[in-house]
**Student:** 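The structure that follows is given in the form of structure tokens.
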Amino acid sequence: MTIRSATADCSDLAIAERETDASLLQISNAVDASEPPFEIPAEVSAGSLRSNFWWMLSGNAVYALCQWGLLAILARLGTPAIVGQYVLAVAVTTPITVFFMLHLRAVQATDTRRDYQFGHYLALRLSAMGLALVVVIGVCLTSGYRGDTFLVIAAVAVSAVCDSMSDIVYGLLQQRERLDRIGQSMMLRGASSVILLAATIASTGRVFYGILAVACGRLVVLALFDLRSARNELARGVNGNRAGNSLPPSIKPRWEPRRILSLARVALPLGVVMMLVVLSTNIPRYFVESYLDQSALGIFGAIGYLSVAGTMAVGALGDSVTPRLARDYAQGRRREFGIYVLRLAGLGALLGAAGVLVALLAGRPLLGLLYGPAYAERSDILILTMMAAGVGYVASFSGYAVTAARYFKAQLPLFAAVVLVTAVGCWWLVPTWGLRGAAVALGLSALTQLVGSALILSYAIRADRPVADIPGRCA
């Protein structure tokens with residue numbers, strides 16, 4: 001999650017596990033008692049953990065750098081108000097699009113039984129994202145956004161839909177542990193975005209056209225690289241595991257309403273969770289835009305994005321270990337599962353400490369170099385956001401582990417509480433402390449997520465039976 005993870009989301013009070021067997025989600029094609037014992041399909045796994053990690057780290061690093069490049073281009077060629085307009089568009093569209101994505105990538109990556117085919121995931125994603133566009137437009141019309149702000153929000157929503165199509169392919173590749181292809185795709189998407197945005201902004205001066213150009217570039221990567229990777233991986237699985245006369249599964253959507261609705265019911269809790277994760281991240285932006293202005297929002301958004309330097313490492317390692325964490329948990333290897341989680345938490349703490357140290361020693365000159373004088377004056381915000389991000393890194397790793405154990409429903413009350421804590425913190429702190437209050441509220445949000453995830457993991461590790469002993473079910 002990452003997520004967000006996250007984004008958001010995913011990610012994120014104290015929570016006591018109150019579900020019983022009667023409250024577990026039922027998968028419509030649950031295996032009956034006559035089926036053979038649980039087995040891991042043989043087509044997994046192409047790459048080593050080290051290779052997958054480095055490919056994902058490289059892909060996330062390039063992609064994150066390019067995403068920062070989008071903000072830097074807007075900051076250098078425009079004003080803080082223009083950056084604020086873009087940040088507002090992301091804040092409005094992301095919770096909606098993330099909800100309708102249903103975090104299918106995580107569901108697919110941890111689907112060790114192969115309960116659904118790639119075509120089912122793709123069909124659900126296409127249907128849901130069509131609804132997402134309708135909801136975004138409706139929110140814009142009812143919220144009074146007009147003119148350029150409305151156009152930028154619409155363009156960001158279209159770009160997010162394009163991203164979601166690649167994301168569903170990533171779920172398949174992650175399930176098969178072909179993270180090298182994901183890393184390569186992320187590099188292509190990131191590089192094309194920066195080039196197209198810079199060229200379009202320089203020639204037209206309009207953010208709207210720039211974001212549409214970014215969306216077109218991502219569609220090209222989807223068509224020429226991602227879908228080809230999906231087709232090759234599905235064919236490889238068939239050739240290695242089925243009779244020679246079997247045809248490769250199609251990469252086309254499978255429009256089977258019952259199966260799609262069944263998958264939607266399984267994924268819905270994660271969709272709500274990821275929406276709450278992203279919402280908790282964006283709530284401070286809503287308060288800043290409301291109590292201050294779009295210029296302040298632009299400064300807050302640009303500074304906050306620097307924490308992505310750690311997020312990319314968290315995402316790379318989290319994506320790399322999720323399938324193996326899922327198998328360890330499903331096969332009852334709780335000790336190995338717990339050791340992995342502790343190591344991930346330790347790494348998250350180290351990343352957070354490094355970020356705070358950099359902010360303390362070099363925050364002001366770094367902001368001046370990257371964005372300009374107006375941003376360098378708020379180095380205090382960088383320190384606070386890095387502290388919040390450090391807690392968030394540990395919480396994100398915990399979230400990956402919770403998702404790998406397929407405790408989807410248990411995350412709902414956790415992240416509802418995270419959103420509540422964030423909203424109350426912003427309501428209390430932003431009017432008096434301004435941007436500092438928004439940064440502190442992010443820290444409270446991350447801390448709440450960490451505590452809740454730790455409680456869920458504690459329960460999951462001590463549970464009596466492996467998930468593999470409960471066919472077709474997830475907590």
Side-chain angles (χ1 to χ4, degrees), residues 1-12 15 17-30 93-113 115-136 160-161 164-165 167-168 171 175 253-280 322 326 399-400 402-419 449 452-453 456 460 467 470-475:
M1 190 121 260
T2 148
I3 158 147
R4 264 172 235 224
S5 220
T7 5
D9 50 80
C10 135
S11 341
D12 324 16
I15 173 175
E17 177 63 42
R18 291 173 294 204
E19 283 103 357
T20 62
D21 281 354
S23 68
L24 296 173
L25 295 178
Q26 297 291 336
I27 298 179
S28 66
N29 65 330
T93 60
T94 303
I96 297 170
T97 55
V98 164
F99 168 72
F100 282 99
M101 285 173 71
L102 297 174
H103 207 22
L104 288 178
R105 176 176 172 179
V107 177
Q108 189 175 6
T110 59
D111 185 8
T112 54
R113 298 188 61 89
D115 289 311
Y116 299 91
Q117 295 184 24
F118 174 74
H120 297 129
Y121 289 98
L122 182 58
L124 178 56
R125 174 58 54 86
L126 287 168
S127 303
M129 296 313 290
L131 291 174
L133 286 176
V134 173
V135 173
V136 169
V161 170
S164 75
M165 295 299 106
D167 180 77
I168 208 67
Q175 182 189 65
R254 294 177 64 91
W255 300 107
E256 301 173 8
R258 290 186 178 181
R259 302 290 292 142
I260 294 172
L261 288 174
S262 172
L263 177 57
R265 286 196 297 269
V266 173
L268 182 60
L270 267 187
V272 176
V273 167
M274 293 306 296
M275 180 191 68
L276 294 174
V277 171
V278 173
L279 190 60
S280 68
T322 292
Y400 276 107
V402 170
T403 299
R406 296 179 73 82
Y407 274 71
F408 300 158
K409 194 174 183 180
Q411 298 179 62
L412 289 172
L414 165 60
F415 286 103
V418 170
V419 168
Q449 179 189 347
S453 296
I456 296 173
V467 172
I470 314 174
R473 288 174 145 187
C474 56

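In this text, all values refer to a predicted model and were calculated from it rather than measured experimentally.
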**Student:** Taking all heavy atoms of Ile168 and all of Phe118, pick out the closest pair and write down the distance.
**Tutor:** O-CE1, 3.7 Å
**Student:** Run Arg254 and Arg259 through side-chain contact (heavy atoms from CB on, under 4.5 Å) and show every step you take.
**Tutor:** CA-CA 9 Å; Arg254 294 177 64 91; Arg259 302 290 292 142; over 6 Å; no
**Student:** Hey, does the side chain of Arg125 reach the backbone of Met165 with a donor-acceptor pair shorter than 3.5 angstrom?
**Tutor:** no
**Student:** With sequence neighbours excluded, give me every side chain to side chain donor-acceptor pair (under 3.5 Å) pair touching residues 268-278.
**Tutor:** none
**Student:** Rounded to the nearest 0.5 Å, what separation is found between the CZ atom of Phe100 and the CG atom of Leu131?
**Tutor:** 5.5 Å
**Student:** As a quick check of understanding, evaluate side-chain contact (heavy atoms from CB on, under 4.5 Å) for Leu126 and Trp255, giving each step before the final call.
**Tutor:** CA-CA 10 Å; Leu126 287 168; Trp255 300 107; 4.2 Å; yes
**Student:** Nearest 0.5 Å, what's the CD-CG distance between Gln108 and Leu124?
**Tutor:** 11.0 Å
**Student:** Identify the two heavy atoms, one from Pro95 and one from Met275, that lie closest to each other, and give their separation to 0.1 Å.
**Tutor:** O-CG, 3.4 Å
**Student:** Shortest non-hydrogen contact from Val107 to Ala267?
**Tutor:** CG2-CB, 4.0 Å
**Student:** Do Tyr121 and Pro253 make a side-chain contact, defined as non-hydrogen atoms from C-beta onward lying under 4.5 Å apart?
**Tutor:** no
**Student:** Taking side chain as C-beta onward, heavy atoms only, is Met129 less than 4.5 Å from Leu133?
**Tutor:** no
**Student:** Out of curiosity, Thr322 OG1 to Gln175 CD, how far, rounded to the nearest 0.5 Å?
**Tutor:** 12.5 Å
**Student:** Using every non-hydrogen atom in the two residues, find where Ser453 and Val402 come nearest and quote the distance to one decimal.
**Tutor:** O-CG2, 4.0 Å
**Student:** Just so I know, are the side chains of Phe99 and Leu279 near enough to count as touching, which here means a heavy-atom distance under 4.5 Å?
**Tutor:** no
**Student:** Is any side-chain heavy atom of Tyr116 closer than 4.5 Å to a side-chain heavy atom of Ser262?
**Tutor:** yes
**Student:** Return the minimal non-hydrogen interatomic distance between Leu276 and Ala416, and the atom names on each side.
**Tutor:** CD1-N, 3.5 Å
**Student:** Filter on salt bridge (charged side-chain N to carboxylate O under 4.0 Å, His left out), then keep only pairs touching residues 96-109, sequence neighbours left out; what's left?
**Tutor:** Arg105-Asp167, Arg105-Asp319
**Student:** Tell me the closest heavy-atom pair linking Leu414 and Gly452, and the distance in Å.
**Tutor:** CD1-CA, 3.4 Å
**Student:** I'd like to know if the side chain of Thr97 reaches the main chain of Thr93, judged simply by a donor and an acceptor atom lying under 3.5 Å from each other, with no hydrogens or angles considered.
**Tutor:** yes
